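So the structure is just underneath, and the comments pick up after that.
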Amino acid sequence: MTALICGSLAFDTIMGFEGRFADQILPQQLHILNVSFLVPSLRRDFGGCAGNIAYSLNLLGGQAVPMATVGQDGVEYVQRLQNLGIATHCIREVPDSYTAQAMIMTDRDNNQITAFHPGAMNHAHLNTIDASLGAKIAIVAPDGRDAMLQHAAQLHAAGIPFVFDPGQGLPMFNGQELLTFVEQASWVAVNDYEAQMLCERTGLDLSALSHKVQGLVVTLGAQGCQVWQQGQAVQVPPVAPKAVVDPTGCGDAWRGALLFGLLQGWDLPRCAALGNRMGALKVAAQGPQNYQLDFSPLDCGL
């Protein structure tokens, strides 16, 4: 009853700038841009889609097996996963590289400047999938381009049903590649922006795309989510969070819940209802992997 989670492991470094970027960056001087920001606050979190999804699924009581790559600095991350009881036998260390890292600077107006170093993630295709892994289901989340293409094809060949979750990796693929992902997958999970891009690139609307899979879910943030099955849409209402602290990792928390529900054999609307609950729980906590469960997952449903 394990779920194979193909995606990235990354360190997120969050820096707080107390001023406004607009006051420091002069439009008429962009051709000689040379600026420096004093950031009094700094936080380093464990992140990456595979790590965040595995954390959510593990919290709910599911068996998560992340498949990812880390660099020579990834020992701490792997040890953390082991301490949480999450399997690490499908995590590969890539010598002479760094674990993927996102460095995010936020100003007082919540504008952000982000630098992302993929590092070991670019070698994620070195991990391969076959039926011997014993996974009941899987998810292909944002990762290296080659890894996403190859892991989807390998899961399909092994007969392992999986969720296609392109996330921020969606722009890397053209319409035919995205259509192939959909045809190989059993489920698709996207947010509303990604749903629009998926439709534009494939030339198919959500109704048509839903006929190619068992279910397609569009998350809508504070508006809940939309579940498409065989051309018909059902709206699953949102869950109000206790506080809005940090949205980072909310989508991954939702996807961990989706996998948990699918492992239980639930219908898709019930899985989505649990996802909305987990997303609300996550948004009330700082960082993508610092929230704790305060409800029974079996209580969520329609």
Side-chain angles (χ1 to χ4, degrees), residues 3 5 49 52-53 56-57 59-62 136-142 152 160-168 170 178-179 181-242 244 247 249-284 293 295-302:
I5 303 170
C49 296
N52 296 344
I53 295 170
S56 172
L57 177 56
L59 209 57
L60 289 164
K136 182 178 180 182
I137 61 172
I139 184 168
V140 174
I160 301 171
F162 71 93
V163 178
F164 175 49
D165 168 30
Q168 66 267 30
L170 194 152
L178 290 169
L179 193 58
F181 276 123
V182 172
E183 291 172 342
Q184 291 170 336
S186 298
W187 306 275
V188 175
V190 289
N191 65 25
D192 49 351
Y193 178 80
E194 294 155 4
Q196 182 177 346
M197 184 177 291
L198 181 64
C199 290
E200 289 177 353
R201 295 204 172 184
T202 61
L204 299 174
D205 61 17
L206 293 175
S207 176
L209 288 168
S210 73
H211 280 284
K212 295 182 174 294
V213 288
Q214 293 180 35
L216 183 154
V217 185
V218 181
T219 58
L220 303 170
Q223 282 71 54
C225 61
Q226 200 175 51
V227 175
W228 285 86
Q229 292 180 291
Q230 296 304 301
Q232 300 297 313
V234 174
Q235 193 78 18
V236 181
V239 174
K242 293 179 179 178
V244 178
C250 285
D252 295 330
W254 192 98
R255 283 151 178 76
L258 170 65
L259 293 176
F260 178 83
L262 292 174
L263 284 169
Q264 310 311 306
W266 294 355
D267 62 36
L268 204 52
R270 186 179 180 188
C271 296
L274 178 60
N276 290 349
R277 186 98 182 246
M278 283 298 279
L281 186 67
K282 187 357 269 140
V283 79
L293 204 63
F295 64 89
S296 167
L298 300 180
D299 293 338
C300 293
L302 296 177

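Just so it is clear, the values below take in all heavy atoms, side chains as well, and ignore hydrogens, waters and symmetry mates. All figures in this text were calculated on a predicted structure; none of them were measured in a lab.
Counting heavy atoms from C-beta on, the side chains of Leu60 and Leu293 come closer than 4.5 Å.
Crowding of Gln230 atom CD: a count of heavy atoms from other residues, nucleotides or ligands under 6.0 Å exceeding 12. Heavy-atom contacts from other residues, nucleotides or ligands closer than 6.0 Å to NZ of Lys136 number more than 12.
Looking at every heavy atom in both residues, Gln235 comes nearest to Gln223 through NE2-O, 3.5 Å. Between Val213 and Ala185, the shortest heavy-atom contact is CG1-O, 3.7 Å. Residue Asp252 comes nearest to Cys49 through the heavy atom pair OD2-CA, 3.7 Å, listed as atom of the first residue, atom of the second, then distance. Here the closest heavy-atom approach between residue Leu274 and residue Phe260 is recorded as CD2-CD2, 3.6 Å. Taking every heavy atom of both residues into account, Asn52 and Gly249 meet most closely at ND2-CA, 4.3 Å. Nearest heavy atoms, Ala272 versus Cys225: CB-SG, 3.5 Å.
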Does Trp187 form a side-chain contact (heavy atoms from CB on, under 4.5 Å) with Leu258? I'd like the steps, not just the answer. CA-CA 10 Å; Trp187 306 275; Leu258 170 65; 5.6 Å; no
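Arg255 contributes a side-chain N or O that, together with a main-chain N or O of Gly251, makes up a donor-acceptor pair within less than 3.5 Å. With hydrogens and angles ignored, the 3.5 Å screen pairs no side-chain donor or acceptor of Gln196 with any backbone N or O of Asp192. Checked by atom type and distance alone, the side chain of Asn191 never pairs as donor or acceptor with a backbone atom of Gly221 at under 3.5 Å. Looking at Ser56, its side chain never comes within 3.5 Å of a backbone N or O of Ile53 through a donor-acceptor pair.
From Met278, atom CE reaches atom SG of Cys250 across 10.5 Å, with rounding to the nearest 0.5 Å. Between the CG atom in Leu57 and the CG atom in Leu259 there is a gap of 6.0 Å [rounded to 0.5 Å].
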